[in-house]
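Here is the naming used below: chain letters follow the sequence lines, and residue numbers restart at 1 for every chain.
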Protein chains: 2
Amino acid sequence: MTTKQTSDVIDVPAGFAGIPKLDQHLCFALYSASGLMTRLYRPLLEPLGLTYPQYLTMLALWEHAPRTVGELGDALGLDSATLTPLLKRLEGNGLVTRRRDAADERRVLVEPTQQGRALREGAKAVSAAMRCHSPLDGDELKSLHHTLTRLIDGLREASAAAPDRD
Amino acid sequence: MTTKQTSDVIDVPAGFAGIPKLDQHLCFALYSASGLMTRLYRPLLEPLGLTYPQYLTMLALWEHAPRTVGELGDALGLDSATLTPLLKRLEGNGLVTRRRDAADERRVLVEPTQQGRALREGAKAVSAAMRCHSPLDGDELKSLHHTLTRLIDGLREASAAAPDRD
DNA sequence: TACTAAAAAATCGTGAACGATTTAAATGGA
DNA sequence: TCCATTTAAATCGTTCACGATTTTTTAGTA
């Protein structure tokens with residue numbers, strides 16, 4: 001531990017003591033990739049009048065509706081503090097309806113409107129256009145997606161197991 | 001195309017016409033994974049008085065400083081509209097200094113303070129703690145990181161090639 | 001030198017994102 | 001039946017993120 005030279009690989013025993021460089025952090029790779037995806041989607045979604053999180057929300061709703069805010073939150077990994085204002089904006093743009101569940105007045109049911117369902121057609125072009133932006137071939141994409149899914153499952157477990165530490 | 005049954009695999013020719021489900025979107029896997037990472041870091045960073053983007057910024061500055069706002073933006077993939085207020089908050093917390101470059105008064109040089117450099121010690125524990133949260137083994141992590149890096153390079157090219165379409 | 005163009009950061013407005021709290025409704029005993 | 005507990009969504013305050021614009025400084029050129 002006397003040499004202090006900077007090499008481009010981790011030069012500490014086994015993930016000990018030293019802090020990896022920014023570019024060596026998996027979290028930063030995920031952060032960058034996600035941000036780039038969002039930026040690539042933006043110009044494609046703009047003609048549809050959707051932001052990227054709104055697009056994900058519509059994808060969830062096209063798949064299955066009506067759903068409560070909570071169910072939607074589970075599907076998207078977001079809480080009501082994020083979803084409520086987002087859904088109000090979608091409602092304001094005429095793409096979804098929000099109504100209290102008569103059977104349980106605590107719940108709010110969200111559903112695409114006619115216009116919201118119609119938007120699905122335009123989304124096909126978005127989906128198709130995005131397929132062109134990847135440098136990875138089909139097998140690599142599948143493999144990456146599979147690995148990410150495993151990572152996500154692990155991270156979910158970790159975050160459920162240790163919500164915080166005091 | 002007369003059967004309208006929903007199956008849990010893609011039931012269209014070859015990525016044509018149909019919109020994949022939310023969970024089949026790579027962008028959503030990246031979005032979820034990145035969000036989960038941020039949430040896992042939060043309780044670890046809170047004692048250090050850092051948010052996650054602030055932590056990434058400090059990682060960049062610990063690696064090399066002083067840097068201009070623009071250089072930092074290139075490293076982090078953020079623009080001055082995001083970085084300026086973030087850096088002002090770091091400055092307000094005594095972790096970095098911001099000063100105009102005497103040689104070019106347009107530039108602002110950012111540098112960790114003594115306190116900002118000292119924080120690096122506390123960050124070692126954060127870095128170590130995060131290593132425990134992954135369900136992937138060392139080789140898988142390396143491979144995932146490598147694939148993500150290639151994806152990021154491709155997405156950067158794509159976003160440079162087609163900033164928008166009108 | 002004067003004047004336009006380019007570059008760097010800051011500013012503004014909008015929309016996520018989330019912790020913490022609040023409000024309202026349903027649930028589960030005693 | 002009554003009341004404490006739980007649950008669901010909404011609200012509030014702070015921070016991130018970015019497109020578009022503005023301000024200031026430098027560079028380039030006639």
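- For A/T82, taking side-chain heavy atoms from C-beta onward, the closest of the listed nucleotides C/dA17, C/dT11, D/dA27 is C/dA17.
- With respect to the salt-bridge test (charged N to carboxylate O, under 4.0 angstrom), the residues A/R107 and A/D104 qualify.
- Taking the nucleotide of DNA chain C with the nearest heavy atom to each of A/L86 and B/E71, the more 5' of the two is matched to B/E71.
- Take the nearest nucleotide of DNA chain D for A/G35 and for A/L83: the residue whose nucleotide is more 5' is A/L83.
- Residue B/D79 places its side chain closer to D/dG19 than to any other of C/dA17, D/dG19, D/dA10.
- For B/T84, whose side chain is taken as the heavy atoms from C-beta onward, the closest listed nucleotide among C/dA9, D/dA20, D/dC12 is C/dA9.
- For A/R67 and A/E111, the salt-bridge test fails: no basic side-chain N is under 4.0 Å from an acidic carboxylate O.
- Taking the side chain of A/R98 as heavy atoms from C-beta on, and the options C/dA9, D/dA10, C/dG15, the nearest nucleotide is D/dA10.
- Considering only the side chain of B/T68, C/dA9 comes nearest among C/dC18, C/dA9, C/dA16.
- Aromatic ring pairs are classed by plane angle as parallel below 30°, tilted from 30° to 60° and perpendicular above 60°; the pair B/Y52 and B/Y41 is tilted.
- The residue among A/S80 and A/A102 whose nearest nucleotide of DNA chain C lies closer to the 5′ end is A/S80.
- Taking only side-chain atoms of A/Q54, from C-beta outward, the nucleotide of C/dA25, C/dC18, C/dA16 with the closest atom is C/dA16.
- When each of C/dG15, D/dA9, D/dT11 is scored by its nearest atom to the side-chain atoms of A/A81, the top-ranked nucleotide is D/dT11.
- Among the nucleotides D/dA17, C/dA9, D/dA9, the one closest to any side-chain atom of B/R100 is C/dA9.
- Closest contact between the side chain of B/E105 and the listed nucleotides D/dT26, C/dG19, C/dA16 involves D/dT26.
- Between B/E91 and B/R98 there is a salt bridge, since at least one side-chain N of the basic residue sits less than 4.0 Å from a carboxylate O of the acidic one.
- Counting atom types as modelled, A/R106 pairs a side-chain N or O with a base atom of D/dT7 as donor and acceptor under 3.5 Å.
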